[in-house]
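Reminder, nothing fancy here: chain letters follow the sequence lines and each chain counts from 1. Bear in mind the structure is a predicted one, so any value in this text is a computation, not a measurement. What's counted below: heavy atoms across the whole structure, side chains too, no hydrogens, waters or symmetry copies.
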2 protein chains.
Amino acid sequence: MRENRVMSSTESSHVFEPGAELARSSSPARILTLVHRHGSLSRAQLTKLTGLNRSTVGVLIAALVAHGLVFEAAPAGEAQVGRPSPEVHPNPAVAALAVNPEVDAVTIGLVGLGGRVLRKVRYPTQRIPTAAEAVNIAAAVIAGMRGELDAQYRVVGIGVAVPGLVTVADGVVRHAPHLDWNNEPVAQMMAEATGYRVRVANDASLAAEAEMTFGAATGIANLIYLNGGASGIGGGIVADGRLLTGVCGYAGEIGHTLVRSDGTSCHCGAFGCLETEVRQAPLLAALKLDAGDPAALARALSATNDPAVTSEVHRQVAYLATALRNVVNVFNPEAVVLDGFLAALYAAAPEQLLAAVTAQSMREPGAQVTIHPAALGADLMMVGAAELAFAQLLTDPAGFMEAH
Amino acid sequence: MRENRVMSSTESSHVFEPGAELARSSSPARILTLVHRHGSLSRAQLTKLTGLNRSTVGVLIAALVAHGLVFEAAPAGEAQVGRPSPEVHPNPAVAALAVNPEVDAVTIGLVGLGGRVLRKVRYPTQRIPTAAEAVNIAAAVIAGMRGELDAQYRVVGIGVAVPGLVTVADGVVRHAPHLDWNNEPVAQMMAEATGYRVRVANDASLAAEAEMTFGAATGIANLIYLNGGASGIGGGIVADGRLLTGVCGYAGEIGHTLVRSDGTSCHCGAFGCLETEVRQAPLLAALKLDAGDPAALARALSATNDPAVTSEVHRQVAYLATALRNVVNVFNPEAVVLDGFLAALYAAAPEQLLAAVTAQSMREPGAQVTIHPAALGADLMMVGAAELAFAQLLTDPAGFMEAH
DNA sequence: GTAATAAGTTCTGTACTCAAACATATTAGA
DNA sequence: TCTAATATGTTTGAGTACAGAACTTATTAC
């Protein structure tokens, strides 16, 4: 357990160094990552999945057990012929903190190795929080959990999911339009306020990774994730199993691609963006709802047959299809995962969306792609942000445990 | 030297297996790849670049020398203090064949390890070649070179660059609209016709990789490549140093993204694509040229001050900027490389394009991106296609040389 | 109760890599 | 011209990761 220590502002080592995960993923890393992603696997399954010799797998798991990262237990499922293979479980006491500032709340969570959300605290705010306020709220909640954390958990760090452009290397939020944050060194602020190691990234990118790792697109290596929120559309792209980041970590802004040449101008500086044409507000207005809960929206959409609503749904689905046509042609993804009100929109007119995407896309990539609603729901951001904090541990378990 | 043997159609091993390069890039692979990409490097430089111990580097280079993949020579440049470090050169006698079918010709090349084009034969065709004709032409040219190849070279295989959608895993050209090829098993056909191992991929994707490896974007890990040809616009995307392929290898079709909602319909099934709005033909028409040579086009554009030409240039640059805005927001690339008539278009109005891209893109990724004309010119496709054939050798030099 | 099966365990060999000590080829300066 | 400084190649010995073979163990099938 780590001691609760005060950090000086020069002690920058608690901001994760970029390139720390450049080290080629080692064998212990592969095993720990598999166990983390699957929740639990038998030694025999790990042997098959890694392609390593079973004697080697034995040694590696023993080391992970010695480090307290995993534990073995008797097999649970129905028995097979042959000696039973013990199941390897991730140790949920090895945990990561997740922080997700939004326009109306700051959510703080604790996520165990294996991806289970162990604690979640949503702290509503009266107005849009500043970066300093968000950090203070998170730090206060974490301070409140500190006794429990130090007694029962090994916390590997904090992952912060921010709705905006983030330079991942230094953890600076360059521009979060809806929070009105500009050049906020969130990683440093959070590290100084809590003493934990901190990494920051774009929320939709983390969501994309979480959906690939634990959600609707488990095991799919090429996927597009799009989340429709009250304030806009965020996106994340996973290609060949890796999240696309671009040079600075800004990649994935599918919400700001052209879908309508004569569209209205967008806060991003352009016009006719997906985000300006496909919005939650007109749907809620047509339905005379004011709550932004995606599930309620989906229910209301399926219940209504008001032609004004239907027409708005069709209009938005057409623009969404155009955006998807672009990304399907450019990425040849296996799946598109829709979250938030976009999932509700899809549920309201699934055939229309799929038909429009297929018609506009090039034949071959268009025939490949499938569309799914997101699966992780409320815990998505916690899991995604935690993944950010787990990354270094999963890349180099032995090195990480020795260093911390 | 491999013997000239006849292959049966069941002998499918000569189509490269997918996933063959899944093996984590080994140390000999890293050294050979560095030498191949740089043309030559001193042992001291290799030690620094790989981070390996110099004794290890010595052993590895000795093995590569023993396999005849590289050779050492006295250092050429100006001398430094200290013992001179011998330069390691790729052996150009280890070579790959490159084939590039186009609407008016089939080009066959021989490219040595290190990326130098050693031979190039352009075989013009009277009409658009069928897949069988293209394979026959290539096989005939290769048969003609066979004596020289067997005597002086070790040929690692054939890479084919096709302007169309290609399933890389099995080497089937799904759809090449301008060649009018559909579901042509080019890898298998070429393997049977020549006896060599064959891999096939999209031409623009290979060009993107070649520009990253040897051309205008050397060492840039996140780049967008766009090539404007007589028949359309092809694109390739490199993210984190790896070419994006998508699930089936169709990724990169930036030519088929929306730039104009009321644009004309495109052969791809959609409308308002970059490829339908930005075309070489109207530029040539305005200039009263009929040759499609990009260099001549660039010269003519810079020489003219005909307002009709200028207006067409401005119109096309505006649409190109819109397409670039989309990819800049989605990928956050470090560089955009423009080739073919798009390079001429850029040369004609560089400030306009850059200003429009910067204005429309989100501020942060827009500020990051630079625009470059392509550097490799005529040899680009040969180098790119050869890279496809070299891939397996570069990934596992020892294993490859033992097996072949 | 015995065979078949599947898997964990132990032991040994090999390949890769590093570090240290040593050898060598060059420049800088006395 | 000689010597020091420097950078690098070379040799040797040791450590680590991993595979493979032989052996052991726990389960099902008959």
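Here the P atom of nucleotide C/dA7 and the CG atom of A/L46 are 12 Å apart, to the nearest Å. Put simply, CZ on B/R30 is 14 Å from P on C/dC16, counting in whole angstrom units. Rounded to whole angstrom, the span from the CG atom of B/D396 across to the C1' atom of C/dC16 amounts to 14 Å. To the nearest angstrom, C1' of D/dA26 lies 16 Å from CD of A/E87.
Of the N and O atoms on the side chains of B/E87 and B/S42, not one donor lies less than 3.5 Å from an acceptor on the other residue.
Looking only at distances, a side-chain donor or acceptor of B/N91 sits under 3.5 Å from a matching main-chain atom of B/A93.
Applying the side-chain contact (heavy atoms from CB on, under 4.5 Å) test between A/V156 and each of A/L393, A/L394, A/L97 identifies A/L393 as the sole match.
Phosphate proximity of C/dG8 to A/S85: present, with a side-chain N or O under 4.0 Å from OP1 or OP2.
Under 4.0 Å is where a charged nitrogen must lie from a carboxylate oxygen, and between B/E387 and B/R37 at least one such pair does.
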Report, as a single string ordered 5' to 3', how protein heavy atoms within less than 4.0 Å touch nucleotides 17-30 of chain C: B base, S sugar-phosphate only, - not at all. SBB-B--BBBS---
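When all heavy atoms of A/I237 and A/A208 are compared, the closest pair comes out as N-CB, 4.3 Å.
For A/H38 and A/F214, the distance between ring centers is not under 6.0 angstrom.
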